[in-house]
Amino acid sequence: MRTISWDHGVVRMIDQRLLPHKLEVVGFTDYREVARAITEMYIRGAPAIGAAAGFGMALAAQNSRATTPAQLRADLTEAAGTLLAARPTAVNLRWGIERMLATADRLLPQGVQTAQAGLIDEAQQIADEDVAINQRMGAHGATLIADGDTILHHCNTGGLATVDWGTALGVIRSAHEQGKKIHVLVDETRPRLQGAHLTTWELQQWGVPHTLIADNAAGYFMAAGKVNLVTVGADRVAANGDVVNKIGTYKLACVARDNDVPFYCVAPTSTVDLRTPSGNQIPIEERDPDEVLYVDGVRIAPEGVRAANPAFDVTPNRLVTAIVTEKGIVYPPFVENLAKVVNT
Ligand code: MRU
């Protein structure tokens with residue numbers, strides 16, 4: 001089942017806020033609703049956000065009352081602004097919007113209707129390509145996993161974080177489907193618990209053996225020699241290979257280095273932002289402190305306590321063993337090698 005799809009003019013997506021308790025698909029017919037769904041995390045994960053951006057732009061095109069190419073372009077520019085503001089860190093959002101605007105600019109000279117139809121096709125193509133790209137990353141990444149390995153995984157990077165299959169979790173899925181006997185230690189991923197809520201749910205469906213651990217237990221398992229490799233996704237990879245990913249990733253990478261455990265990032269080239277030289281220039285989303293102060297609606301700190309809630313952190317490239325993309329596995333030096341992979 002796809003995380004997001006186009007269904008005769010309606011964008012359908014799994015409401016991930018309800019998992020693992022309830023699998024519910026919601027439908028949206030206005031790009032503003034798609035922008036809200038991204039902000040409120042009905043849909044999340046960098047590649048899924050990129051696909052949602054494409055479908056949001058397709059809705060804007062479909063619903064436009066423009067009678068001239070210039071009017072349609074103006075409507076699309078407005079939608080692009082709203083969608084771009086939905087979340088700041090995952091660069092796939094900008095990537096998806098820019099790809100849709102480039103398609104519009106190519107097709108608008110052929111008239112409004114041609115552009116509208118072409119934009120809907122393009123959004124569907126972004127979604128289809130995402131699945132194929134994930135499967136290619138899965139094939140490359142699975143070569144890094146040996147029979148019998150235990151893999152530590154952070155956040156959710158599976159089919160739910162993409163259109164289908166997944167990035168880091170997609171690599172795990174590919175290794176499992178190749179018949180390798182693997183075990184996954186799943187970080188619960190406080191504060192929103194993507195690991196506990198979503199990753200375990202997906203691994204259960206795929207039949208991959210796994211154990212849920214508190215985020216704080218990762219160091220214990222690595223120091224005990226019980227982890228062969230760490231795999232994470234990325235919301236944005238800077239030109240120098242710094243990896244911006246779910247909060248806690250940096251700490252994992254430090255512990256992995258201290259214990260000589262390879263640390264792999266799995267991300268499509270649409271997540272690599274060559275325009276941003278290093279991770280420190282990437283905007284880090286600050287989310288509602290209540291996500292830290294409450295667990296499943298129950299307050300866990302005294303009234304009056306303040307909380308901070310950065311949603312992502314920067315893992316410096318020196319701690320990253322390699323970055324798995326759909327075009328192959330990229331090793332240091334990342335500045336040269338990432339540019340080569342993205343530009344070919
Ligand atoms: O806040 P989220 O749930 O959108 O964060 C998701 C992540 O950090 C993922 O690791 C990242 O997007 C890669 S997903 C394939």
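Position 1 is the first residue of the sequence; numbering continues from there.
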If you define the side chain from C-beta out and look only at heavy atoms, does anything of [X] sit under 4.5 Å from [Y]?
X	Y	value
D273	R94	yes
Q16	Y42	no
L101	L76	yes
T167	M137	yes
L19	H197	no
V26	E33	no
Y250	L319	yes
N245	T315	no

Are [Y] and [X] linked, directly or through intermediate hydrophobic residues, by side-chain heavy-atom contacts shorter than 4.5 Å (ILVMFWY only)?
X	Y	answer
I43	I133	no
V330	V266	no
F221	F263	yes
L18	L193	no
Y294	M41	no

Looking at [X], I want to see if its [atom1] is surrounded by more than 12 non-hydrogen atoms of other residues, nucleotides or ligands under 6.0 Å.
X	atom1	value
K327	NZ	yes
E336	CD	yes
Y264	OH	yes

Could you go through R44 and Q194, starting from their C-alpha distance and side-chain angles, then the distance that decides it, and tell me whether this counts as side chain to side chain contact (heavy atoms under 4.5 Å, CB included)?
CA-CA 10 Å; R44 31 67 49 201; Q194 288 94 331; 4.1 Å; yes

Measure from the side-chain N and O atoms of [X] to the backbone N and O of [Y], and report whether any donor-acceptor pair falls under 3.5 Å.
X	Y	answer
N63	T29	yes
D15	R17	yes
Q71	T67	yes
S64	A61	no
T39	A35	yes
D215	T189	yes
D242	G279	yes
D258	C254	no
R257	R318	yes
D130	V163	yes

Any salt bridge linking [X] with [Y]? Criterion: basic side-chain nitrogen under 4.0 Å from a carboxylate oxygen.
X	Y	value
R287	E285	yes
D105	R73	yes
D128	R2	yes

Provide the closest heavy-atom pair for [X] versus [Y] in the form atom of the first, atom of the second, distance.
X	Y	result
I97	A80	CG2-CB, 3.5 Å
I284	A311	CG2-N, 4.4 Å
P191	I247	CD-CG2, 4.3 Å
G233	A168	N-CB, 3.9 Å
P268	P47	CG-CG, 4.3 Å
L229	D149	CD2-OD2, 3.5 Å

Nearest 0.5 Å please: distance from the [atom1] atom of [X] over to the [atom2] atom of [Y].
X	Y	atom1	atom2	value
N134	T162	CG	OG1	4.5 Å
T231	L169	OG1	CG	7.5 Å
T103	I120	OG1	CD1	12.5 Å
K180	I151	NZ	CD1	9.0 Å
H176	I145	NE2	CD1	12.0 Å
L59	R32	CG	CZ	10.5 Å

Do L160 and W201 pass the side chain to side chain contact (heavy atoms under 4.5 Å, CB included) test, and can you show the C-alpha distance, the side-chain angles, and the key distance before you say yes or no?
CA-CA 10 Å; L160 290 166; W201 186 77; 3.9 Å; yes

From CA spacing to verdict: side chain to side chain contact (heavy atoms under 4.5 Å, CB included), Q62, L119
CA-CA 9 Å; Q62 171 184 263; L119 284 163; over 6 Å; no

Have E326 and T269 got a donor and an acceptor in their side chains that come within less than 3.5 Å?
yes

Distance-only donor-acceptor check, side chains T271 and W95, under 3.5 Å
no

In V261, V255, V232, I213, the residue satisfying side chain to side chain contact (heavy atoms under 4.5 Å, CB included) with L152 is I213

In sequence, state the C-alpha distance, the side-chain angles, and the governing distance for N240 and F334, and then conclude on side chain to side chain contact (heavy atoms under 4.5 Å, CB included).
CA-CA 5 Å; N240 70 348; F334 289 121; 5.8 Å; no

